[in-house]
Amino acid sequence: MKEKYNNILILTGAGISAESGLATFRSENGLWNNHRVEDVATIEAYHKNPDYVHDFYNNMKPELWNARPNNAHLAITKLQQEYPAEVHIITQNIDTLHEKAKSKNVHHIHGQINQAVCLHCGKVIETWGDVSSETVCESCGVMGMMKPNIVFFGEDLLCMNKVEELLRKADLFLSVGTSGVVFPAASFVQTAKYYGADTVEFNLEATSNNFYFDRHIMGKAGETLPKFVEDLLNQVHYKSSL
Ligand code: APR
């Protein structure tokens with residue numbers, strides 16, 4: 001590990017929001033244990049039964065609207081505010097807890113629950129309200145073409161140009177609360193390592209990506225990440241005091 005980093009890149013998954021009370025996807029009571037991916041998270045499912053897919057995400061909105069950021073989200077904001085480096089977040093999460101924690105440089109590669117996109121004109125709208133096949137696009141006026149702005153399996157990820165730029169620049173790559181089984185996000189650590197980053201995984205358990213991590217910090221991110229941020233801050237303040 002270096003004494004001072006200049007470009008820190010943090011990949012987050014559902015595990016960082018678990019201590020805010022939000023379900024992850026692949027745990028015992030995870031979202032994918034109670035719903036079939038094929039029914040709610042593929043573009044085919046959306047075209048086959050748009051309102052069933054809309055309802056799945058509409059029903060998720062109240063809980064995500066009310067969720068509060070936890071100490072892991074707040075630790076990232078503290079790092080951004082107090083550590084002298086560029087700190088970017090690539091999140092797989094569709095919740096807005098990083099934004100609620102006042103983090104900056106948040107890149108949602110799987111989209112956001114409070115957005116919808118018009119498949120006719122491409123307009124993205126922000127809404128916490130229900131979206132359905134009756135929703136009229138406020139830009140082109142076409143009805144029934146609004147889709148949750150959430151990346152379904154088989155669709156291209158969002159902000160990938162930015163992600164590639166950040167992976168090349170990173171000298172520290174942190175992976176927080178992701179099982180590392182969904183690509184291409186699961187390959188980001190390999191790319192960061194290739195370009196010379198130090199890599200650290202924060203999870204309750206070692207994941208399938210463990211070969212590419214220099215360090216594994218086991219435990220709840222709400223406890224382990226604040227401690228890691230404190231150590232980084234102490235190190236850089238100590239160095240600057242010499
Ligand atoms: N602290 C740290 N890690 C945790 C915590 C916690 N408090 N709670 C759970 N975890 C870990 C679990 O051990 C697991 O490895 O978070 C991970 C959550 O894994 P998944 O449920 O698979 O969620 P994620 O990795 O974000 O899924 C990636 O898959 O289905 C798609 O689009 C969906 O964005 C999602 C993507």
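All values reported here derive from a predicted model rather than from experimental measurement. Just so you know, ligand 1 is whichever comes first in the structure, and atom 1 is the first atom listed for that ligand.
The backbone N or O of G129 lies less than 3.5 Å from a partner atom in the side chain of K61, making a donor-acceptor pair. Although no hydrogens or angles enter the test, the distance criterion places no donor-acceptor pair under 3.5 Å between the side chain of N6 and the main chain of D171. Within the 3.5 Å criterion, the main-chain N or O of A101 finds a donor-acceptor partner in the side chain of T77. Proximity of a side-chain donor or acceptor of N59 to a complementary backbone N or O of D55 within less than 3.5 Å is detected.
H108 and E99 are linked by a side-chain donor-acceptor pair at a separation below 3.5 angstrom, with hydrogens and angles left out of the test.
With respect to atom 27 (O) of ligand 1, the closest heavy atom belonging to the protein is R26 NH1, 3.0 Å. Ranking the protein heavy atoms by distance from atom 21 (O) of ligand 1 puts F25 N, 2.7 Å first. Counting only heavy atoms of the protein, atom 25 (O) of ligand 1 lies nearest to T178 OG1, 2.7 Å. For atom 30 (O) of ligand 1, the closest heavy atom belonging to the protein is W32 NE1, 2.6 Å. The nearest heavy-atom contact from the protein to atom 1 (N) of ligand 1 is A221 N, 2.9 Å.
Annotation: cation-pi geometry satisfied between K147 and F152 (NZ/CZ under 6.0 angstrom from ring centroid, within 45° of ring axis).
Close approach of ligand 1 to G177 is summarised as follows: ligand atoms under 4.0 Å from at least one heavy atom of the residue are 3 (N), 16 (O), 17 (C), 18 (C). Of all the atoms in ligand 1, the ones that sit under 4.0 Å from a non-hydrogen atom of G13 are 26 (O). Close approach to A18 involves these atoms of ligand 1, each under 4.0 Å from a residue heavy atom: 8 (N). Set against the non-hydrogen atoms of G219, the atoms of ligand 1 under 4.0 Å away are 1 (N), 2 (C). Taking a cut-off of under 4.0 Å to the non-hydrogen atoms of E19, the atoms of ligand 1 that pass are 1 (N), 6 (C), 7 (N).
Under the 4.5 Å side-chain contact rule for hydrophobic residues, L172 and I10 share a cluster. Using a 4.5 Å cut-off between side-chain heavy atoms of Ile, Leu, Val, Met, Phe, Trp and Tyr, with links allowed through other members, L166 and L157 fall into the same hydrophobic cluster.
For V182, no nitrogen or oxygen atom sits less than 3.5 Å from a nitrogen or oxygen atom of ligand 1, counting backbone and side chain alike. Every N/O-N/O distance between V181 and ligand 1 stays at or above 3.5 Å. Looking at ligand 1, you won't find any N or O of K220 less than 3.5 Å from one of its N or O atoms. Between Q92 and ligand 1, a contact under 3.5 Å exists for at least one N or O pair. Checking only distances, T207 never comes within under 3.5 Å of ligand 1, N or O to N or O.
Sparse packing is recorded around NE2 of H120, with 12 or fewer heavy atoms of other residues, nucleotides or ligands lying under 6.0 Å away.
Annotation: the span from S175 atom OG to I217 atom CD1 amounts to 11.5 Å, rounded to 0.5 Å.
Neither the backbone nor the side chain of F183 has a heavy atom within less than 4.0 Å of ligand 1. Residue contacts with ligand 1, taken as heavy atom pairs separated by less than 4.0 Å, involve H110 solely via side-chain atoms from C-beta onward. Using a 4.0 Å cut-off between heavy atoms, A14 contacts ligand 1 through both its backbone and its side chain.
Nearest approach of N203 to T178, heavy atoms of both residues: ND2-O, 3.1 Å.
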Any chance you could lay out the side-chain hydrogen bond (donor to acceptor under 3.5 Å, both in side chains) test for Q115 and N149, step after step, and finish with the verdict? CA-CA 5 Å; Q115 289 182 347; N149 192 29; 2.7 Å; yes
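For atom 14 (C) of ligand 1, the nearest non-hydrogen atom from the set N203, L11, T24 comes from N203. Taking only non-hydrogen atoms, the option from G15, S179, G30 nearest to atom 5 (C) of ligand 1 is G15.
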